[in-house]
Peer 1: 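Attaching a single structure in structure tokens format; questions to follow.
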Amino acid sequence: MAAMAKVILPGGEAIEARGVSFLELLGPRAKEAAGALWNGQLLDLREPVPPEGEVRILGLRDPAALEVLRHTAAHVLAHAVTRLFPGTKLAIGPAIADGFYYDFLFPNPISHEDLPRIEEEMRKIVAEDLPLERVWLSRSEAERLLRERGEDYKLELLGEIPGEKISFYRQGDFLDLCRGPHLPSTGLVKHFKLLDLAGAYWRGDPNRDMLTRIYGTAFPTQEELERYLRWREEARRRDHRTLGPQLDLFSIQNDTIGAGLVLWHPKGARVRRLIEDFWVAEHYKAGYQLVYTPHIGRSRLWQTSGHLDFYRESMYAPIAVEGQEFFLKPMNCPFHIAIYKTKTRSYRELPIRYCELGTVYRFERSGVLHGLLRVRGFTQDDAHIICRPDQVEEEIRNVLRFALFVLRSFGFTEFTAYLSTRPEKFIGNPEDWERATEALRKAVEGEGLSYEVKAGEGAFYGPKIDLEVQDSLKRPWQLTTVQFDFNLPERFDMTFIGPDGREHRPYMIHRALLGSLERFFGILIEHYGGAFPVWLAPVQAVVLPVSEGDIPYAEEVAAKLLAEGIRAEAWTREGKTLRWLVREAQIQKIPYILVCGAREAAEGKAALRLRTGEDLGPRPLDEVIARIREAASTRSSGL
RNA sequence: GCCAGUGUAGCUCAAGGGGUAGAGCAUCCGCCUUGUAAGCGGAAGGUUGCCCGUUCGAGUCGGGCCACUGGCUCCA
């Protein structure tokens, strides 16, 4: 009895099959199917059912089918483009996390205004419900075909495909070199949208052609597509570059100050100060010592550190003074090392943990600057831990725990860790790498974090752990980095005297928890949508008089709150109605609005309205004060 | 740095295919005395990102810079 494969349909029904293709097996049910999963491999439905084993048919709504759907959507896009813009050369068109894209070389530039036309043409192709056929060509046929059509990029790809039988997919008059899999027909790509247009280098290489990339997304249902578009809209609404000026937090003035240089306005500075105070207090508690170091240093320092050899293109030009050259610091490490080296260190002193909110300057190409998230001058929440080899494991564990505590305090609850291991080119000895990598791995596992190993992705000077958080919109941000350095201790000849009376080389660990204050602030603004939790809100409470006669009482209430350590303001501007003031306070996302009129004044109360819009009515002042202090001291996200 | 797009008042945006810039909000001045998301009227505010050029005439057309947006590349 020959072996049979067990084919499980989306509904759970199982069929034994042998010697047929999936399409034949499924018949009309193929209209609801996107592909087949066999031993973790995605199979095309046109292929024969494998001889044995278990195969799961993916329904259109199956998350694993999304990739197939989007890949087919990319083909529909390419098809539409070839119809509308003859002479366009095709490059590649894969599915990506949020959708798909296709790279083209257009004979003439196109712009955003062309997207609706292309989308319209795509809808026609979907309405035509063209079946996608898989076509196998011999290598020479494939080459001739692509050459005839002038598909230079595809020819290059062909050269890298092994084997003699080359897979193409055909839908109507459109034929594309492609490994698949694809949906059975274009009619199944119903819910899609083109989103963006951007330049992209062929094969990501800046020395090669600049292609035009069209981004789009596709979903199995209209609801999911709409949900995704709403999510994009929400992200746009929370953009820190919009909220920053609107809430008067910061500005970046390229024509007066310079690109990538941030001005922290009073309210933004207030938030930053709160972050810094928390950060410093917790670092002292955790056994760190705060240091301050200058913004510039002599060129010999950067010579020793190796920055002038390896990092110079990211550094600002030298400043010449009295025949010496100084450089703006791109990193704090050399200064911390210099503090370490001011005396002979004993093994008994270690670990030494220097921390600093150190402002550094890096020359970033203008094209990569982005609001607060990518700037040229920024303050790292930096620390360097110098320890003995036998202390490495505990130090790493403590750093990781500390990082998680700090990030959780800012309302982040989802974390992913990335462990980057030794690359091909590295310095130091493999035993040290091994020990360091294992310490990192144990620490992550000990904290129960899910992690991914990025083999060979470590810097040449040491392995590292990065922590990624997810914000309230489920977007990932890499914040914490914990990085071993086997390079700088050598270069600076850092030593400590061991119990044996001899010099030993310490381990050094770089570490930043928030990354930079500028970037972190930008992320926080988006995470909270500008509505900071009470402990971080620049203004925690605003007191609004009902009419001019209530101003004295409003000022008295605000003064009382201030005396209780609450960041409060009385808005007593003439000529503004209560309605106007309430609206303004809501827009400013101030957590507590205290309305004070004659009724409240008579009873020593304030009418409490929350940022959420909830009106709690008149409350005794003491109750309001207790409530605000409680929310602030617990760093709660609630009001 | 590269591709595409954008740059008009403090902010958000208008000005058919070239004919000496307009609105709302904010600001200032009045009036209104206000009870939970914009009360009314008036005034002031611009070398249209910068520099060249075409033209009798440029916000508008051409070139070059600068900056921003979306990406790509980069981020030891």
Side-chain angles (χ1 to χ4, degrees), chain A residues 96 101 103-106 108-115 195-215 236 239 241-242 245-246 248 251-260 305-315 330-331 333 362-371 374 376 423 425-427 458-462 464 478 483 485 487-488 510 542 544-551 573-589 593-600 606-611 613-618:
Chain A
I96 52 174
Y101 68 81
D103 285 349
F104 305 98
L105 184 69
F106 286 93
N108 299 303
I110 68 159
S111 73
H112 273 94
E113 279 88 78
D114 296 304
L115 292 186
L195 301 171
D196 260 312
L197 192 68
Y201 298 114
W202 169 234
R203 319 218 88 176
D205 183 343
N207 299 314
R208 309 203 58 184
D209 295 344
M210 174 59 77
L211 308 173
T212 303
R213 176 171 297 178
I214 298 178
Y215 284 94
R236 200 189 59 74
D239 194 322
R241 292 166 303 178
T242 313
Q246 196 180 318
D248 201 12
S251 62
I252 296 173
Q253 306 176 22
N254 46 66
D255 36 4
T256 47
I257 312 292
S305 69
H307 284 92
L308 288 181
D309 290 332
F310 298 107
Y311 201 71
R312 185 157 195 163
E313 72 276 17
S314 296
M315 293 171 67
M331 296 186 194
C333 4
R362 297 182 186 175
F363 174 71
E364 301 277 3
R365 290 157 183 247
S366 59
V368 307
L369 297 176
H370 181 89
R374 195 73 185 271
R376 285 178 173 162
K425 278 180 66 182
F426 69 99
I427 71 144
F460 74 86
Y461 52 81
K464 65 169 177 174
Q478 196 242 294
Q483 178 136 27
D485 193 328
N487 182 39
L488 291 181
H510 305 264
V542 63
L544 308 182
V546 172
S547 72
E548 222 170 298
D550 306 317
I551 288 177
R573 303 194 325 172
E574 289 171 279
K576 295 297 177 188
T577 59
L578 180 62
R579 292 173 63 80
W580 190 95
L581 294 168
V582 167
R583 177 171 188 269
E584 193 58 24
Q586 289 282 161
I587 289 171
Q588 292 297 315
K589 302 179 198 287
I593 298 169
L594 279 63
V595 175
C596 290
R599 295 205 292 272
E600 286 76 16
L608 184 61
R609 177 185 166 116
L610 305 181
R611 170 166 69 193
E614 195 180 348
D615 186 353
L616 300 178

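Naming convention: chains lettered A, B, ... in sequence-line order (proteins, then strands); numbering from 1 in each chain. None of the values given here were measured: they were computed from a predicted structure. The basis for the numbers below is simple: all heavy atoms, side chains too, and nothing from hydrogens, waters or symmetry mates.
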Peer 1: Looking at the side chain of Val368(A), which of C2(B), U36(B), C72(B) is the nearest nucleotide?
Peer 2: C72(B)
Peer 1: Mind checking if Met315(A) touches a base, just sugar-phosphate, or nothing, with heavy atoms under 4.0 Å?
Peer 2: nothing
Peer 1: Between Thr212(A) and C3(B), is there a side-chain N or O to OP1/OP2 distance below 4.0 Å?
Peer 2: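 Negative; the distance criterion is not met.
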Peer 1: side-chain contact (heavy atoms from CB on, under 4.5 Å) for Glu584(A) and Val542(A)? Distances and angles first, verdict last.
Peer 2: CA-CA 10 Å; Glu584(A) 193 58 24; Val542(A) 63; over 6 Å; no
Peer 1: May I have the distance from Tyr215(A) (atom OH) to A4(B) (atom C1'), rounded to whole angstrom?
Peer 2: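 These atoms are roughly 13 Å apart.
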Peer 1: Does C25(B) pair with anything, Watson-Crick or G-U wobble, both distances under 3.5 Å, and if so, with which nucleotide?
Peer 2: G10(B)
Peer 1: So, Gln586(A) side chain and Arg611(A) main chain: donor-acceptor pair closer than 3.5 Å or not?
Peer 2: yes
Peer 1: Please measure how far the C1' atom in C65(B) lies from the corresponding atom in U55(B), and state the result in whole Å.
Peer 2: 23 Å
Peer 1: Does the side-chain contact (heavy atoms from CB on, under 4.5 Å) test come out yes or no for Gln246(A) and Ile587(A), once each step is laid out?
Peer 2: CA-CA 9 Å; Gln246(A) 196 180 318; Ile587(A) 289 171; 4.1 Å; yes
Peer 1: Between Arg362(A) (CZ) and C74(B) (C1'), how many Å, whole number?
Peer 2: 13 Å
Peer 1: Which heavy atom of Pro330(A) sits nearest to which heavy atom of His307(A), and what is that distance?
Peer 2: CG-CD2, 4.3 Å
Peer 1: Roughly how many Å is it from CG in Asp209(A) to P in A4(B), rounded to a whole number?
Peer 2: 13 Å
Peer 1: Say we look at U54(B) and A15(B): how far apart would their P atoms be, to the nearest angstrom?
Peer 2: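 Result for the P pair: 29 Å, nearest Å.
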Peer 1: Check every atom of G71(B), A76(B), U34(B) against the side chain of Met331(A) and return the nucleotide holding the closest atom.
Peer 2: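 Of the options given, the side chain of Met331(A) lies nearest A76(B).
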Peer 1: Carefully, step by step, assess Tyr461(A) and Leu488(A) under the rule side-chain contact (heavy atoms from CB on, under 4.5 Å).
Peer 2: CA-CA 8 Å; Tyr461(A) 52 81; Leu488(A) 291 181; over 6 Å; no
Peer 1: Applying a 4.0 Å non-hydrogen cut-off, can you work out what Ala585(A) is touching in the nucleic acid: base, sugar-phosphate, or nothing?
Peer 2: nothing
Peer 1: Using both distances under 3.5 Å as the test, list the Watson-Crick or G-U wobble partner of G39(B), or none.
Peer 2: C31(B)
Peer 1: Provide the distance between the two P atoms, one in C25(B) and one in G62(B), to the nearest whole Å.
Peer 2: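 Going atom to atom, P in each nucleotide, I get 36 Å.
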Peer 1: Whole-Å distance between A76(B) P and Leu308(A) CG?
Peer 2: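 Value for this atom pair: 16 Å.
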Peer 1: Of the nucleotides G35(B), C3(B), U27(B), which one has an atom closest to the side chain of Ala598(A)?
Peer 2: G35(B)
Peer 1: Find which nucleotide of RNA chain B each of Ala259(A) and Asp615(A) is nearest to by heavy atoms, and output the residue with the more 5' nucleotide.
Peer 2: Asp615(A)
Peer 1: Flag the pair Arg203(A) and Asp205(A) as a salt bridge only when some basic side-chain nitrogen lies within less than 4.0 angstrom of an acidic carboxylate oxygen.
Peer 2: no
Peer 1: Between His370(A) and G71(B), is there a side-chain N or O to OP1/OP2 distance below 4.0 Å?
Peer 2: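 For G71(B), OP1/OP2 do not have a side-chain N/O of His370(A) under 4.0 Å.
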Peer 1: From CZ of Arg583(A) over to P of C25(B), roughly how many Å is that when rounded to an integer?
Peer 2: 11 Å
Peer 1: Could you measure between the two P atoms, the one in G35(B) and the one in C40(B), and give it in whole Å?
Peer 2: 15 Å
Peer 1: What is the distance, to the nearest angstrom, from the CZ atom on Arg365(A) to the P atom on C68(B)?
Peer 2: 15 Å
Peer 1: Of the nucleotides A37(B), A76(B), G70(B), which has the atom closest to the Ala459(A) side chain?
Peer 2: A76(B)
Peer 1: I need the CD-C1' distance between Glu364(A) and A76(B), as an integer number of Å.
Peer 2: 13 Å
Peer 1: For Pro618(A) and Arg203(A), take the nucleotide of RNA chain B holding the closest heavy atom to each; which residue's nucleotide lies nearer the 5' end?
Peer 2: Pro618(A)
Peer 1: At less than 4.0 Å, is any side-chain N or O atom of Arg609(A) found next to OP1 or OP2 of G35(B)? Yes or no.
Peer 2: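 For G35(B), neither OP1 nor OP2 has a side-chain N or O of Arg609(A) closer than 4.0 Å.
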Peer 1: Taking 4.0 Å as the cut-off, does a side-chain nitrogen or oxygen of Arg374(A) come that near to OP1 or OP2 on U73(B)?
Peer 2: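 So the side-chain polar atoms of Arg374(A) never come under 4.0 Å of the phosphate oxygens OP1 or OP2 of U73(B).
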Peer 1: Suppose you measure atom P in G71(B) against the same atom in A43(B); what distance do you get, rounded to whole Å?
Peer 2: 45 Å
Peer 1: Determine the Euclidean distance between corresponding C1' atoms of A14(B) and G53(B); express it in Å to zero decimal places.
Peer 2: 28 Å
Peer 1: Does Arg376(A) reach a base, just sugar-phosphate, or nothing at all? Heavy atoms under 4.0 Å.
Peer 2: nothing
Peer 1: Determine whether a donor-acceptor pair (N or O, by modelled atom type, separation under 3.5 Å) exists between the side chain of Asp209(A) and the backbone of Leu211(A).
Peer 2: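 Absent.
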Peer 1: Looking only at side-chain atoms of Tyr461(A), point me to the closest of U36(B), A4(B), A76(B).
Peer 2: A76(B)
Peer 1: Could you identify the nucleotide paired to U54(B), looking across every strand shown and requiring Watson-Crick or G-U wobble geometry with both distances under 3.5 Å?
Peer 2: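 Base-paired to nothing in any strand shown.
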Peer 1: Please determine whether a side-chain nitrogen of the Lys or Arg among Asp103(A) and Arg213(A) lies less than 4.0 Å from a carboxylate oxygen of the Asp or Glu.
Peer 2: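 Judged by the 4.0 Å cut-off on N to carboxylate O distance, Asp103(A) and Arg213(A) do form a salt bridge.
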Peer 1: Taking the inter-plane angle between the rings of Phe104(A) and Phe106(A) on a 0 to 90° scale, is it parallel (under 30°), tilted (30 to 60°) or perpendicular (over 60°)?
Peer 2: tilted
Peer 1: OP1 or OP2 of C32(B) less than 4.0 angstrom from a side-chain nitrogen or oxygen of Trp580(A), does that happen here?
Peer 2: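 It does not, given that no N or O in the side chain of Trp580(A) lies less than 4.0 Å from OP1 or OP2 of C32(B).
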Peer 1: Considering only the C1' atoms, how many Å lie between A37(B) and C74(B), rounded to the nearest integer?
Peer 2: 46 Å
Peer 1: Under a 3.5 Å cut-off for both distances, is G5(B) Watson-Crick or wobble paired, and to whom?
Peer 2: C68(B)
Peer 1: Rounded to the nearest Å, what distance is computed from the OH atom of residue Tyr311(A) to the C1' atom of nucleotide C74(B)?
Peer 2: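 Interatomic distance, OH of Tyr311(A) to C1' of C74(B): 11 Å.
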Peer 1: Which whole number of Å gives the distance between the C1' atom of G46(B) and that of C11(B)?
Peer 2: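 Result for the C1' pair: 14 Å, nearest Å.
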Peer 1: Within the structure shown, what part of the strands sits under 4.0 Å from Gly597(A) by heavy-atom distance: base, sugar-phosphate, or nothing?
Peer 2: base
Peer 1: Under the 3.5 Å rule, do the base of G1(B) and the side chain of Tyr201(A) count as making a donor-acceptor pair?
Peer 2: yes
Peer 1: For Leu369(A), report the nucleic acid contact type (base, sugar-phosphate, nothing); a contact means any heavy atom under 4.0 Å.
Peer 2: sugar-phosphate
Peer 1: Please determine if a side-chain N or O atom of Arg241(A) lies less than 4.0 Å away from the OP1 or OP2 oxygen of U69(B).
Peer 2: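 Result: yes.
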Peer 1: Hey, does the side-chain of Glu600(A) have a donor or acceptor N/O within less than 3.5 Å of a partner on the base of G35(B)?
Peer 2: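 Between G35(B) and Glu600(A), which were checked side chain against base, a qualifying N/O pair under 3.5 Å is present.
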Peer 1: Give one of base, sugar-phosphate or nothing for Tyr101(A), where a contact means two heavy atoms less than 4.0 Å apart.
Peer 2: nothing
